[in-house]
S.K.: 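The structure follows.
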Amino acid sequence: MSDNLANEPARVAAMYRTMLVIRAFEEAAGENFFAGNVRGSVHQYIGEEGIAVGICENLRDDDYLTSNHRGHGHSIAKGAHPRAMMLELFGKAGGTSNGKGGSMHIADFSVGMLGANGVIADGCTISVGAAQALRLRGKDSIVVNFIGDGGINRGPFMEALNWAKIYNLPVLFVCENNQIAASTTTRLVTAGEGIAARALSFDVPAVTIDGNDLFEVDRTAARVVSEIRNGSGPQLIQAMTYRLRGHFAHDKAGYRDPAEVDEALKHEPMGRVEAWLRDNGMSDADISQLQSEVKAEIDSYVEDAMNAPWPDASLAFTDVQDVGAPQAGEAVQ
Amino acid sequence: MSDNLANEPARVAAMYRTMLVIRAFEEAAGENFFAGNVRGSVHQYIGEEGIAVGICENLRDDDYLTSNHRGHGHSIAKGAHPRAMMLELFGKAGGTSNGKGGSMHIADFSVGMLGANGVIADGCTISVGAAQALRLRGKDSIVVNFIGDGGINRGPFMEALNWAKIYNLPVLFVCENNQIAASTTTRLVTAGEGIAARALSFDVPAVTIDGNDLFEVDRTAARVVSEIRNGSGPQLIQAMTYRLRGHFAHDKAGYRDPAEVDEALKHEPMGRVEAWLRDNGMSDADISQLQSEVKAEIDSYVEDAMNAPWPDASLAFTDVQDVGAPQAGEAVQ
Amino acid sequence: MSEMTYAEAARLALREEMQRDPLVWALGEDLGYEGGMAGQYRGLQEEFGDDRIVDTPISESTIMGAAVGAALAGTRPIAEMRFSDFAMCAVDELVNQAAKARYMFGGQGRVPMVARMPIGIRGGIAAQHSQSPEAWYTHVPGLVVVTPSTPANNRGLLKASIRCDDPVVYMEHKGLWGMKGEVDEADQSETPLGEGDTVRSGGDLTIVSWSAQLGVTVEAAELLAGDGISAEVIDLRTLWPWDRDLVMASAARTGKLLVVHEAVRVGGFGGEIAAEVAEELGIPVARLGGERIPIPFSIPLEEAYKIKADRIASRARDLLA
Amino acid sequence: MSEMTYAEAARLALREEMQRDPLVWALGEDLGYEGGMAGQYRGLQEEFGDDRIVDTPISESTIMGAAVGAALAGTRPIAEMRFSDFAMCAVDELVNQAAKARYMFGGQGRVPMVARMPIGIRGGIAAQHSQSPEAWYTHVPGLVVVTPSTPANNRGLLKASIRCDDPVVYMEHKGLWGMKGEVDEADQSETPLGEGDTVRSGGDLTIVSWSAQLGVTVEAAELLAGDGISAEVIDLRTLWPWDRDLVMASAARTGKLLVVHEAVRVGGFGGEIAAEVAEELGIPVARLGGERIPIPFSIPLEEAYKIKADRIASRARDLLA
Ligand SMILES: Cc1ncc(C[n+]2csc(CCOP(=O)(O)OP(=O)(O)O)c2C)c(N)n1
Ligand SMILES: Cc1ncc(C[n+]2csc(CCOP(=O)(O)OP(=O)(O)O)c2C)c(N)n1
Ligand SMILES: [Mg+2]
Ligand SMILES: [Mg+2]
């Protein structure tokens, strides 16, 4: 991906487009969950698009990314193809994992996306090890790990902070602080000032930014990523944001005040980028053109996913292991 | 145990005596390990006696204590009987666990000693739960957890710090910082300024003291324990000290400079208390009298342990569980 | 008698035990507002307060470790892990502490806690949310392992587990939350731990199963009845201790044993039962369990993992052939 | 041929593989100066540097999790857990990540790592340092489980495990560290994973065992020989995949099977083997394993847990009676 130049309109428009793709993908995922086409847990990234896009804009394909349960936006921003992802959500052949993983296990190793994860904070320990591998292999790539503000209270994350620092590893921890974990207000279960203070206690530089401001995320990522690539050791970015939807598609989020959501909508990231584009020569026509273009693109992926074949049942028995692999079919006798 | 009054000689002499008991117990444990009378791992507390004694002097029998692998000193200071402990080390009937646990599993529930522990940092999570139980039961007791400077890098400890704070639990974490974990210099694997800084990042008040100064430990514990008993919530004391012996009896500790040990010997805790007692009216005769008295006491326990019967083999099959218990003897058919 | 779901029956049991004993409490993530994944804690925080239904941070090791400490310190905690998959983040606290504390300390302490960790396939939640590791915990001295199969026994077994002085690994099945059944609210008795239940009598073979797989096994018994084969079906309900006498008596009578479970066959608890019966009775035995693969996400793949009634029936026929 | 200990053979294998492949590395506590609890890493940090023999903080979850990440990122890490008991602090990373990553991601990644976790009784280290949980890992799809029994196969199996593209749970036995045996240093070949070894031929019954229990089983075979009973003894060496063909062929020939392991009998891997043999051959089977108790500290209690040669011999006689 491009270096972080000035915010020339073309570059911002490209980021905006990726944000639109994520938003449209998540809307479609939700709709198809309710339509019964997508099973399981669908954790939407709606309202947080600016973070993944602003961070990944500053990464290379050979940088690694590890994600969590809310990984669709991270995956798209890192370059995973939304078509293959949609097929995966539908459990169809041709999905990123051929239907074996589903929403919580999206991965695209070809662009360094090492996987979403169903276990909170496990991506953190995987990240520090991936960084050690990069060093052994003599690469100047870095590893970015996305973790939520609820996830920071799991021990493995704190172990990983310590680990990344003592070995001076090229790891960027991005804490997406949407102030909630499922139905729990994280402030109530998080002692002290929070993640930035904790990171600093490990001597891991930490900065808190407005995650809903694409430009601030982009600027901060540009600086931090290059510092890490140049040997600064691990750093942490706390990106403040807001989860505009429920924890997952089927969560009505009745535990929060609708007024809070209305207020948050005023600060959501898309509109702010849109305004900037308008001020910088993009017409309303261009913008709605782009929006409908993206909408059409995602609709076509849904269409493809609907029509795609199911994976053959025998695929259930492959990709397990080389030594002592199951005899496929044995079960489906 | 007595309240923390001024350091009247009698009280200090009593603490000194407990320190002597611990030192003598550990020397005897080591000798009998080499004599082949004690099996397994014997982690001696030699050089750290001032911490356990200074802390426990300020606790009540109905306060709980959780310990780690180096638990002999903690147990004696909390009031476990060294005779029963010596029998346990020998694996004899009448030991604190009737020989079922050994050195790493000394416990005496009658004085609130909830057990040494063979798994680093597990005492931390057990402690916060014990504190929640005290609250449910309406008790004003507190829980003290001893953890090493190596143990602080395990996630469960960091989770427990957060946990203790958010529920405002009566827990005192005592980090015995002897600067080493087995053969590892902890500075090299510990990011940042260390445990005090980490505790503060959780808003857990932390103070660093000279753990080899019985008086400073006693003073600090008196204040902190009463604050916690009065609802301050968790606090942490980092007691700087030095492990005068190997990690366990059979570790020659060749990884450290003998000069370092010689230097440390100058600051070891016993001598400093001794000096104070001399300045406060205890004669050399009294002191050596006390020393030989304690030595004789511990020797008699070793004697008892040598002569005590082995537990009956059938005891191997008791105390497992009520429901689904093993049929004793089935195995020893 | 009133009809309620498996989840409602669990909620009823917990509520009754919390009313009966002020030292019973629960801790876990999102128990208050959410009321647990399936509403099995619904309303209990309002009723008993947030220090008896405790919302915790995402700290599985501490949820389990704190329960151990709270049990040693005289209360009866229920550590809610949400998924047995997440409970793997707390195996050390369960296996090295909860299961061993009483023994290591020579009987000075007890660990009366319930480690509650739902198992099984619910449909489309894949490899990290669908496992059935019950066999592991049967292998751990000190633990009791319970796998309820109906609303009625989920109530009775949970009551028994809460009252038990041993650490109990309580494994509800996520696929059963919505299962409806009759529960006698007036009856406050426990379903005794360690007692199996003969849910269908028959003379041609004995089929042992538990948890959600039991229902499928009963379906299979119907299919077999169609061919004039009468299968006796036993719901083990508790895996440790398992009802050896009931199973042996039945197997001795029918002369054939089939064990069926959703968990992976290799290393599953079916091996223990089949081996014990083969050792003691020397009769033909067979096992059905999942293939040794992670649980896949996609419908046809997930279906390929499941043990359907027709497969159970055909295995039974082979055994009788 | 030269004589060396089980620990020295492991060190030799690791050194050879690290020389052969610069992407092989190890991480764990106290590997550098201490050289591992039994010297199995001695001198390797000086030779290969501290970024290939990495001394870590006490952070088991991260030792295992980092190994998973490092494997996904193209290296071959060996995660040293020191004791299988401590590995319980990292079960989630091993079972939910290492074992499943390849499958969940549809084959995009591989996890070529070795999770090294010694098992067993060493004498007086009690309940939290003596467990043998190998059965657990046989139950986990994606994992290979290895239990070396001699210096020679500890070298050959460790080489094979390091070269394997699957996550391997490598379980040395703490009681065998000092065991001496002949090793052919010139021979660089692996001991193939999944192949058992018939260490003693016989016609009257087949006894299957592994790890340290194998030696005791061979002793028992000697005792039996004294009574004119000829026992065939098979060292399984790898538990998953286990050498089904070898065991079935032997058991079919002798007509009797006895499985013996140090691990707790209930839920142990002996159940899997006995059940498979009973299902397939319908011959008499028997199992011997530890009682369902935590490992006690005191000598007479620990001895009461162990399965001695005379017990194995008498069980074999019962089986033949
Ligand atoms: C170890 C573990 N515990 C619990 C869960 C269940 N869970 C899934 S997401 C979630 C909340 C996560 O909150 P946060 O980390 O803030 O991420 P967010 O959902 O807000 O993006 C929980 C508790 C899990 N997946 N893994
Ligand atoms: C979870 C776990 N990992 C590793 C060990 C092995 N071990 C026992 S003591 C020890 C060092 C502990 O150092 P520290 O916490 O500083 O305590 P100290 O021995 O210095 O008192 C280690 C690594 C263990 N017992 N438990
Ligand atoms: Mg959040
Ligand atoms: Mg230390």
Side-chain angles (χ1 to χ4, degrees), chain A residues 64 66 88 95-102 104-110 112-119 121-137 139 141 143 154-156 158-160 162-164 166-167 169 311 315-316 318-326, chain D residues 22-23 25 27 51-52 54 56-77 79 89-90 92-93 96-97 99-111 113 138 141-145 160-161 164-168 192-194 238 240-242:
Chain A
Y64 289 127
T66 61
E88 187 64 26
T96 45
S97 301
N98 265 307
K100 286 177 172 178
M104 273 189 287
H105 306 299
I106 301 284
D108 185 346
F109 281 49
S110 70
M113 185 354 185
L114 294 185
N117 210 307
V119 183
D122 279 10
C124 308
T125 59
I126 288 172
S127 298
V128 296
Q132 281 169 299
L134 288 170
R135 176 170 296 167
L136 269 181
R137 291 170 48 216
K139 306 287 184 193
S141 302
V143 184
R154 267 205 77 216
M158 297 183 260
E159 288 185 358
N162 182 64
W163 188 284
I166 60 175
Y167 301 119
L169 298 172
L315 273 181
T318 61
D319 300 323
V320 179
Q321 59 198 111
D322 295 339
V323 175
Chain D
L23 295 177
W25 62 294
L27 64 165
D51 59 353
R52 287 188 66 197
V54 178
T56 70
I58 306 172
S59 301
E60 279 69 22
S61 293
T62 307
I63 293 169
M64 189 72 80
V68 176
L72 286 171
T75 64
R76 295 184 173 276
C89 300
D92 162 59
E93 290 77 9
N96 285 329
Q97 306 300 341
K100 296 174 172 54
R102 177 178 172 184
Y103 189 86
M104 293 187 300
F105 303 145
Q108 293 185 68
R110 296 288 180 105
V111 189
M113 63 179 274
T138 65
L143 298 179
V144 172
V145 183
S161 299
C164 180
D165 284 339
D166 302 317
V168 176
L193 299 173
T238 303
W240 189 265
W242 60 287

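Each chain gets a letter, A, B and so on, in the order the sequences are listed, and its residues count up from 1.
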S.K.: Just by modelled atom types, is the A/Leu114 backbone N or O under 3.5 Å from a matching donor or acceptor in the A/Thr66 side chain?
M.R.: no
S.K.: Would you indicate whether the side-chain heavy atoms of A/Trp163 and A/Gln132 approach each other to under 4.5 Å?
M.R.: yes
S.K.: For each of A/Val323, A/Asp108, A/Leu315, A/Val128, tally heavy-atom pairs with chain D at distances under 4.5 Å, and name the one with the top tally.
M.R.: A/Val323
S.K.: Of the backbone (N, CA, C, O) and the side chain (C-beta and beyond), which part of D/Trp25 lies under 4.5 Å from a heavy atom of chain A, both, or neither?
M.R.: side chain
S.K.: Give, as side chain, backbone, both or neither, the part of A/Ala316 having an atom under 4.5 angstrom from any heavy atom of chain D.
M.R.: both
S.K.: Where does A/Tyr64 contact chain D at under 4.5 Å (heavy atoms): side chain, backbone, both or neither?
M.R.: side chain
S.K.: Among the options A/Val119, A/Ile106, A/Asn98, pick out the one with the most heavy-atom pairs lying under 4.5 Å from chain D.
M.R.: A/Val119
S.K.: Pick whichever of D/Pro241, D/Ser59, D/Ala90, D/Gly107 has the most heavy-atom pairs under 4.5 Å with chain A.
M.R.: D/Ser59
S.K.: Could A/Asp322 and D/Arg110 be called an ion pair, given the rule that one side-chain N must be under 4.0 Å from one carboxylate O?
M.R.: yes
S.K.: What I'd like to find out is whether the side chain of A/Tyr167 reaches to under 4.5 Å of the side chain of D/Val54, using heavy atoms alone.
M.R.: yes
S.K.: Is D/Asp166 close to D/Arg102 at the side-chain level, that is, under 4.5 Å between some pair of heavy atoms?
M.R.: yes
S.K.: With respect to chain A, which residue among D/Leu72, D/Asp92, D/Leu23 yields the maximal number of heavy-atom pairs within a distance under 4.5 Å?
M.R.: D/Asp92
S.K.: Under 4.5 Å heavy-atom distance to chain A, tell me which part of D/Thr56 shows up: side chain, backbone, both or neither.
M.R.: both
S.K.: Charged N to carboxylate O below 4.0 Å: is that the case for A/Lys100 and A/Asp319?
M.R.: yes
S.K.: Which one of A/Ala131, A/Ala107, A/Gly101 has the most heavy-atom pairs closer than 4.5 Å to chain D?
M.R.: A/Ala107
S.K.: So which of D/Gln108, D/Arg52, D/Met64 has the largest heavy-atom pair count under 4.5 angstrom toward chain A?
M.R.: D/Gln108
S.K.: Give me the atom names and distance for the closest heavy-atom approach of A/Pro156 to D/Thr62.
M.R.: O-OG1, 4.1 Å
S.K.: Which atoms of D/Ile63 are under 4.5 Å from chain A, going by heavy atoms: the side chain, the backbone, both sets, or neither?
M.R.: both
S.K.: Given that the side chain runs from C-beta out, which part of D/Gln97 has a heavy atom under 4.5 Å from chain A: side chain, backbone, both or neither?
M.R.: side chain
S.K.: At a heavy-atom separation under 4.5 Å, does A/Leu134 approach chain D through its side chain, its backbone, both, or neither?
M.R.: neither
S.K.: So D/Leu143 and A/Gln321, side-chain contact (heavy atoms from CB on, under 4.5 Å) or not? Walk me through it.
M.R.: CA-CA 7 Å; D/Leu143 298 179; A/Gln321 59 198 111; 5.5 Å; no
S.K.: What distance separates D/Phe105 CZ from A/Met113 CE, expressed to the nearest 0.5 Å?
M.R.: 7.5 Å
S.K.: Heavy atoms only, distances under 4.5 angstrom: which of A/Gly129, A/Ser110, A/Gly112 has the most pairs with chain D? Name it, please.
M.R.: A/Gly129
S.K.: When only pairs under 4.5 Å are counted, which of A/Arg135, A/Arg137, A/Glu159 shares the most heavy-atom pairs with chain D?
M.R.: A/Glu159
S.K.: Quick one about D/Ser61 and A/Thr125 (side-chain donor to acceptor, distance below 3.5 Å, no hydrogens or angles considered), yes or no?
M.R.: no
